[in-house]
> 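There's a structure below that I have some questions on.
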Amino acid sequence: MKLDAIDLRILDAIQRDGRITKLALAEKAGLSPTPCWMRLRKLEKAGIISGYHAHVALRRVAPVASVMVELTLANHRQADFDRFERAVRDIPEIVCCWSVGGGVDYILKIVAANIDAYQRLIDTLLDRELGIARYFTYIVTKTVKEEAVLPVSLLMPDVA
């Protein structure tokens, strides 16, 4: 699907406020409500909009430990990657997992109740024999920036 400047304005607006009204969205997009709503539905159908979520200030709910983990598998066959990735998808504390190039295979973001809970999670992963060769733990001491809004229009300057 080819996007235009109006689509980018819609994407920007709904990222900033997923509960925006049809009228307010149309105003921000520079369209009347019906064509704007039709474009929104088209973006959803195309899978460009994959869902709507609330951003929860978790530390206001409970104390948490945020941990970044660099992880390397012992073997690099496709079956090894597939087995590890299937396991990761089923663990709710692993909130992000990126397969990366370079000196490690994966970078994970884990949110646990505390450091002990994090270590129990890692021990469980190791016990499951998922082929983990080594891992490095980085405790997040302060979140400087955690932006949920993606800079779509900056990534597509020819469209905007």
Side-chain angles (χ1 to χ4, degrees), residues 1 3 7-22 24-25 28 40-157 160:
M1 177 178 177
L3 302 179
D7 294 322
L8 296 182
R9 288 195 297 269
I10 290 170
L11 292 173
D12 183 62
I14 64 166
Q15 282 189 96
R16 295 178 191 286
D17 182 2
R19 296 174 55 159
I20 191 169
T21 66
K22 290 180 191 179
L25 180 60
K28 288 186 181 290
L40 180 65
R41 291 292 174 232
K42 190 174 172 185
L43 291 165
E44 291 170 347
K45 261 190 158 167
I48 293 170
I49 298 171
S50 59
Y52 297 86
H53 311 277
H55 186 85
V56 177
L58 192 54
R59 292 186 188 277
R60 291 180 175 246
V61 176
V64 296
S66 295
V67 182
M68 303 301 285
V69 179
E70 291 179 346
L71 190 140
T72 304
L73 298 181
N75 297 306
H76 292 98
R77 297 177 309 239
Q78 189 59 49
D80 299 309
F81 293 119
D82 292 344
R83 182 178 61 243
F84 177 77
E85 290 171 15
R86 272 193 309 276
V88 164
R89 285 186 193 103
D90 293 335
I91 301 170
E93 295 91 342
I94 300 175
V95 296
C96 294
C97 176
W98 299 279
S99 174
V100 297
V104 296
D105 296 320
Y106 295 96
I107 297 176
L108 291 78
K109 179 179 179 184
I110 299 174
V111 177
N114 52 46
I115 300 303
D116 185 52
Y118 158 74
Q119 189 58 56
R120 286 193 312 272
L121 173 74
I122 290 293
D123 291 343
T124 300
L125 287 174
L126 294 170
D127 287 344
R128 288 178 63 183
E129 298 184 16
L130 297 171
I132 299 171
R134 63 180 182 202
Y135 68 95
F136 297 93
T137 299
Y138 303 93
I139 307 300
V140 176
T141 58
K142 177 172 84 171
T143 299
V144 177
K145 180 178 181 180
E146 188 172 59
E147 188 63 48
V149 177
L150 302 173
V152 179
S153 60
L154 294 176
L155 301 174
M156 300 179 66

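These numbers were taken from a predicted model, which means no experiment stands behind them. Worth knowing before you read on, the calculation uses all heavy atoms, side chains too, and leaves out hydrogens, waters and symmetry mates.
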> Are Tyr106 and Val69 close enough, and set up right, to give a side chain to side chain contact (heavy atoms under 4.5 Å, CB included), and what steps lead you there?
CA-CA 8 Å; Tyr106 295 96; Val69 179; over 6 Å; no
> Which of these, Leu25, Ile20, Leu3, sits in a side chain to side chain contact (heavy atoms under 4.5 Å, CB included) with Ile10?
Leu25
> Quick check: do Lys45 and Lys42 have side-chain heavy atoms less than 4.5 Å from each other?
no
> Might you point out which heavy atoms bring Ile115 and Ala65 nearest each other, and give the distance in Å?
CD1-CB, 3.8 Å
> How long is the straight-line distance from CG of Leu130 back to CD of Glu85, given to the nearest 0.5 Å?
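These two atoms lie 11.5 Å from each other.
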> I need the minimum non-hydrogen distance between Ala13 and Lys28, along with the two atoms involved.
CB-CD, 3.8 Å
> Side chain to side chain contact (heavy atoms under 4.5 Å, CB included) between Arg19 and Tyr52: does it pass, once the steps are laid out?
CA-CA 9 Å; Arg19 296 174 55 159; Tyr52 297 86; over 6 Å; no
> If you compare all heavy atoms of Arg59 against all heavy atoms of Ser66, which two are closest, and at what distance to 0.1 Å?
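Scanning both residues, the minimum pair turns out to be NH2-OG, 3.6 Å.
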> Output the distance between atom CG (Leu126) and atom CG (Leu121), rounded to the nearest 0.5 Å.
9.5 Å
> Measure the spacing between CD1 of Ile94 and CG of Leu125 and express it to the nearest 0.5 Å.
5.0 Å
> Determine, for Arg86 against Asp90, whether the closest basic-nitrogen to carboxylate-oxygen distance falls under 4.0 angstrom.
no
> With rounding to the nearest 0.5 angstrom, report the NZ to CG distance, Lys22 to Leu40.
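It comes to 9.5 Å.
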> Does the pair Arg120/Asp123 count as a salt bridge with the N-to-O cut at 4.0 Å?
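A salt bridge is absent here (no side-chain N lies under 4.0 Å from a carboxylate O).
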> Please determine which of Val88, Leu71, Ile91 meets the side chain to side chain contact (heavy atoms under 4.5 Å, CB included) test together with Cys97.
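Looking at Val88, Leu71, Ile91, the match for Cys97 under the side chain to side chain contact (heavy atoms under 4.5 Å, CB included) is Val88.
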> So, the side chain of Asn75 versus the backbone of Arg77: is there a donor-acceptor pair under 3.5 Å, distance only?
no
> Can you find a heavy atom in the side chain of Glu93 that is under 4.5 Å from one in the side chain of Tyr118?
no
> Are Arg9 and Asp12 close enough, and set up right, to give a salt bridge (charged side-chain N to carboxylate O under 4.0 Å, His left out), and what steps lead you there?
CA-CA 5 Å; Arg9 288 195 297 269; Asp12 183 62; over 6 Å; no
> Taking the side chain as every heavy atom from C-beta outward, state whether Lys142 and Val144 have any atom pair closer than 4.5 Å.
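Contact flag for Lys142/Val144 side chains = yes.
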> Shortest non-hydrogen contact from Gly103 to Arg134?
O-NH2, 3.5 Å
> Measuring from atom CG of Asp105 to atom CD of Glu70, what distance do you get when rounded to the nearest 0.5 angstrom?
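So the CG of Asp105 and the CD of Glu70 are separated by 11.0 Å.
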> Would you say that Leu43 contacts Met1 through its side chain, given a criterion of any heavy-atom pair below 4.5 Å between the two side chains?
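Yes, side chains in contact.
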> For a quick test of reading the model, state the closest non-hydrogen atom pair linking Arg83 to Glu129 and the distance between them.
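In terms of heavy atoms, the two residues are closest at NE-O, 3.9 Å.
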